[in-house]
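Step one of this worksheet: look at the structure below.
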Amino acid sequence: VGIVPQVAHLFAGTVRENIRYGRLEATDAEVEAAARRVRAHAFIEGLESAYDTQVGEGGERLSTGQRQLVALARAVLRDPEVLVMDEATSSIDAATERLVQEGVDEILHGGDSGGRISFVVAHRLSTIRRADLIVVIERGRIAEQGTHRELLARRGRYFGLYTNQFAADRE
């Protein structure tokens, strides 16, 4: 099982060590390949010592979005059978969200994702549009479930959430 929480926790050490925590025996090449898959490589290469940059306790020397990308790379390196992502894009800016979203898309729909079970908890609906099954939970109960297209066609709770969210984003 791999988990990417809403607030990614990093350990004091380097970027490389934090990604490698997903699979301790991974080579440097495997660590860098995982970072490339989730679109983290470019920002890492821009750091003072690239993969050998110290992140500080809790990752304090990195932005929230950068910490999320490192956490995603860690999950990709682990290659879990079950992946749980809890609000992975909720607390980052729009530009970084696009990068993280591309990384999430790669994890969920990329070349080696076949057979992986993924649970994505999200309020930002852009994160879940391509899911096989979307479950809308309201007051602790399932209000609706289906694919993105099915739920939009029903014009129910999901439709309302989706149209309100994207209208607000356009403004």
Side-chain angles (χ1 to χ4, degrees), residues 1-41 43-44 51 55 58-59 62-92 96-152 157-158 161-162 165:
V1 174
I3 299 174
V4 181
Q6 181 174 358
V7 178
H9 180 75
L10 303 185
F11 305 96
T14 65
V15 171
R16 184 183 319 279
E17 290 166 339
N18 271 279
I19 295 172
R20 184 172 279 132
Y21 187 71
R23 189 164 45 88
L24 297 175
E25 71 280 1
T27 66
D28 287 350
E30 290 170 323
V31 166
E32 291 181 25
R36 286 179 197 280
R37 275 194 72 196
V38 301
R39 314 305 187 260
H41 180 75
F43 102 75
I44 294 169
Y51 285 85
V55 300
L62 300 179
S63 72
T64 301
Q66 290 170 331
R67 287 193 297 268
Q68 283 302 95
L69 288 168
V70 169
L72 283 169
R74 181 189 295 159
V76 163
L77 183 64
R78 182 167 181 74
D79 192 23
E81 290 179 34
V82 177
L83 177 65
V84 179
M85 296 191 334
D86 182 11
E87 296 286 1
T89 62
S90 69
S91 56
I92 54 178
T96 308
E97 180 189 4
R98 274 192 299 279
L99 279 178
V100 172
Q101 187 58 49
E102 288 176 15
V104 167
D105 228 33
E106 176 62 30
I107 291 171
L108 299 180
H109 306 289
D112 70 349
S113 63
R116 178 177 298 128
I117 298 168
S118 302
F119 294 94
V120 181
V121 178
H123 284 86
R124 287 190 179 174
L125 301 181
S126 58
T127 307
I128 59 168
R129 280 192 298 222
R130 290 183 56 195
D132 295 330
L133 177 67
I134 298 169
V135 179
V136 180
I137 299 175
E138 195 168 50
R139 295 187 185 112
R141 297 191 182 268
I142 296 175
E144 292 181 301
Q145 61 183 334
T147 66
H148 174 72
R149 286 179 184 241
E150 291 168 350
L151 292 172
L152 286 179
R157 183 71 178 126
Y158 180 83
L161 293 169
Y162 185 82
Q165 189 169 102

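Just so it is clear, the structure is predicted and the values come from calculations on it, not from any experiment. Count residues from 1 along the sequence. For the numbers below, each heavy atom of this structure counts, side chains included, while hydrogens, waters and symmetry mates do not.
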Knowing that exactly one of Leu133, Ile137, Val136 qualifies, which makes a side chain to side chain contact (heavy atoms under 4.5 Å, CB included) with Gln145?
Leu133
Once salt bridge (Lys or Arg N to Asp or Glu O under 4.0 Å) is applied, do any residues pair with Arg39, and if so which ones, sequence neighbours excluded?
Glu102
Partners passing salt bridge (Lys or Arg N to Asp or Glu O under 4.0 Å) against Arg78 (at least two apart in sequence or in another chain):
none
Closest approach of [X] to [Y] (non-hydrogen atoms, all atoms of both residues):
X: Ala40; Y: Leu69; value: CB-CB, 3.8 Å
X: Leu77; Y: Glu30; value: CD1-O, 3.7 Å
X: Ile134; Y: Ile128; value: CD1-O, 3.6 Å
X: Gly146; Y: Leu151; value: O-CD1, 3.7 Å
X: Gln68; Y: Val7; value: OE1-C, 4.1 Å
X: Gly2; Y: Pro80; value: N-CB, 3.4 Å

Could you check Arg20, His41, Glu32 and say which one makes a side chain to side chain donor-acceptor pair (under 3.5 Å) with Tyr51?
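So, applying the side chain to side chain donor-acceptor pair (under 3.5 Å) to Tyr51 and each of Arg20, His41, Glu32, only His41 qualifies.
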Point-to-point distance, once rounded to the nearest 0.5 Å, from CG of Leu161 to CD of Glu144:
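These two atoms lie 8.5 Å from each other.
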Applying side chain to side chain contact (heavy atoms under 4.5 Å, CB included), name anything that partners [X], two or more places apart in sequence or on another chain.
X: Leu152; result: His148, Tyr158, Phe159, Tyr162
X: Tyr21; result: Phe11, Leu24, Arg74
X: Glu138; result: Ala143, Arg157
X: Ser63; result: Gln66

Leu62 backbone acceptor or donor facing Arg67 side chain under 3.5 Å:
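Yes, because the side chain of Arg67 sits within donor-acceptor range (under 3.5 Å) of the backbone of Leu62.
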Close side-chain approach of [X] and [Y], heavy atoms under 4.5 Å:
X: Phe119; Y: Val135; value: no
X: Ile44; Y: Ile19; value: yes
X: Asp86; Y: Ile3; value: no

